[in-house]
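What follows is one structure encoded as structure tokens, with my remarks underneath.
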Amino acid sequence: YECGMWRLPPFFFFRFFMDCVYYAVSIGFFQILFLHTNSLGGWRHDQVLLFLARSLLLDGLYMTIVAPNIWEFAGIVNRGELDSYLTRPAQPLLTLLLRSFAVSSALNLLAGVGLVVYALAAYATPFGIGQLAGFIFLLANGFVLLVCIRLFAVLPVFWTRSEEHTSELQS
């Protein structure tokens, strides 16, 4: 699909559709549960909706900004390209993590933002400025923790060898 001077990869709309189905299933699951009960573990419907919206927003943020770079991290280490990042004047980890982003997940990020705005508007008690600032601060902390946890999963690449990039090294 071509949009002006931009050429979108064929999986662009499939990825967006796949994530929309994931969002719909996640929301639908809790909607069905709340048809049969007023609370889950003491949580009201609006609280669960806000929690779910926050989770989907963090997932969209992660998949848009950081995930493609973490997925490529093992290849960078195995091909010996990490040295070029370590010798740059910028902070190497941030350079590696923010190198590129997935445009196909950006639409899902917008959907996550819209869902959080909807959940905040549907919340039983209105949020004050301080509570909203605290919510945004905790969202940022959650994003940093999510990135750290996912990064810890790929760090063993320094001690192990990926078979995926072995043929690239030999040629």
Side-chain angles (χ1 to χ4, degrees), residues 11-12 15-16 18-27 29-30 40-160 162 164-165:
F11 62 85
F12 180 83
R15 212 170 190 184
F16 176 69
M18 179 182 67
D19 282 342
C20 284
V21 169
Y22 172 70
Y23 286 13
V25 168
S26 298
I27 294 168
F29 173 76
F30 286 104
L40 284 174
W43 286 42
R44 299 183 318 266
H45 180 264
D46 57 341
Q47 293 170 327
V48 170
L49 182 62
L50 184 59
F51 177 79
L52 182 61
R54 183 229 20 117
S55 299
L56 295 176
L57 173 64
L58 286 179
D59 179 63
L61 194 61
Y62 172 78
M63 294 301 289
T64 302
I65 298 173
V66 180
N69 303 315
I70 285 183
W71 294 336
E72 186 59 28
F73 188 74
I76 289 171
V77 171
N78 286 327
R79 288 188 303 264
E81 297 172 5
L82 184 62
D83 293 340
S84 67
Y85 288 96
L86 294 174
T87 57
R88 291 180 183 171
Q91 211 285 337
L93 184 61
L94 285 179
T95 305
L96 281 166
L97 291 179
L98 303 176
R99 192 181 61 211
S100 64
F101 71 98
V103 177
S104 57
S105 295
L107 292 175
N108 299 322
L109 177 60
L110 291 175
V113 168
L115 194 57
V116 166
V117 169
Y118 172 77
L120 285 171
Y123 203 75
T125 56
F127 277 77
I129 297 294
Q131 290 173 320
L132 195 57
F135 179 75
I136 292 170
F137 175 75
L138 291 175
L139 224 107
N141 282 337
F143 179 70
V144 169
L145 285 172
L146 176 64
V147 170
C148 288
I149 289 170
R150 300 282 172 96
L151 192 59
F152 287 146
V154 289
L155 286 181
V157 74
F158 289 108
W159 299 279
T160 61
S162 171
E164 178 181 328
H165 299 286

As a quick check of understanding, evaluate side-chain contact (heavy atoms from CB on, under 4.5 Å) for Val116 and Phe135, giving each step before the final call.
CA-CA 11 Å; Val116 166; Phe135 179 75; 3.9 Å; yes

side-chain contact (heavy atoms from CB on, under 4.5 Å) between Arg44 and Tyr123, worked out
CA-CA 10 Å; Arg44 299 183 318 266; Tyr123 203 75; 4.1 Å; yes

List the steps and the verdict of side-chain contact (heavy atoms from CB on, under 4.5 Å) for Leu97 and Ile65.
CA-CA 8 Å; Leu97 291 179; Ile65 298 173; over 6 Å; no

Apply side chain to side chain donor-acceptor pair (under 3.5 Å) to the pair Asn108 and Thr64, showing each step before the final yes or no.
CA-CA 8 Å; Asn108 299 322; Thr64 302; over 6 Å; no

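Within 6.0 Å of CZ in Phe127 there are more than 12 heavy atoms belonging to other residues, nucleotides or ligands. Counted within 6.0 Å of OH on Tyr85, heavy atoms from surrounding residues, nucleotides or ligands total more than 12; the atom is thus considered enclosed. Within 6.0 Å of CG in Leu94 there are more than 12 heavy atoms belonging to other residues, nucleotides or ligands.
Summarising the geometry, atom CG belonging to Leu146 is positioned 12.5 Å from atom CG belonging to Asn141; distances are rounded to the nearest 0.5 Å. To the nearest 0.5 Å, the span separating CG on Leu82 from CG on Leu86 amounts to 4.0 Å. Atom OH of Tyr118 is separated from atom CD1 of Ile27 by 9.5 Å, given to the nearest 0.5 angstrom. The line from OG1 of Thr125 to CD of Gln131 is 6.5 Å long, rounded to the nearest 0.5 Å. Atom CG in Leu50 sits 9.5 Å away from atom OG in Ser55 (nearest 0.5 Å). Considering CG of Leu52 and CD of Gln47, their distance stands at 13.5 Å, rounded to 0.5 Å.
Pairing each heavy atom of Phe101 with each of Pro68, the nearest pair is C-CG, 4.5 Å. In this structure, Ala90 and Thr95 approach most closely via the heavy-atom pair CB-OG1, 3.5 Å. The two residues Phe30 and Val48 have their closest heavy-atom pair at CD2-CG1, 3.6 Å.
Asn78 contributes a side-chain N or O that, together with a main-chain N or O of Ala74, makes up a donor-acceptor pair within less than 3.5 Å. When atom types are taken as modelled, the side chain of Asp46 and the backbone of Ala124 share a donor-acceptor pair closer than 3.5 angstrom. Judged by distance alone, the side chain of Ser84 and the main-chain N or O of Glu81 form a donor-acceptor pair under 3.5 Å.
At a cut-off of 3.5 Å, with distance as the only test, no side-chain donor of Asp19 or Ser105 sits close to an acceptor on the other residue.
Between Arg54 and the choices Leu56, Leu57, Leu58, the side-chain contact (heavy atoms from CB on, under 4.5 Å) rule is met once, by Leu58.
Annotation: side chain of Phe143 is in contact with side chain of Val66 (closest heavy-atom distance under 4.5 Å). Between Leu96 and Ile70, the closest side-chain pair of non-hydrogen atoms is not below 4.5 Å.
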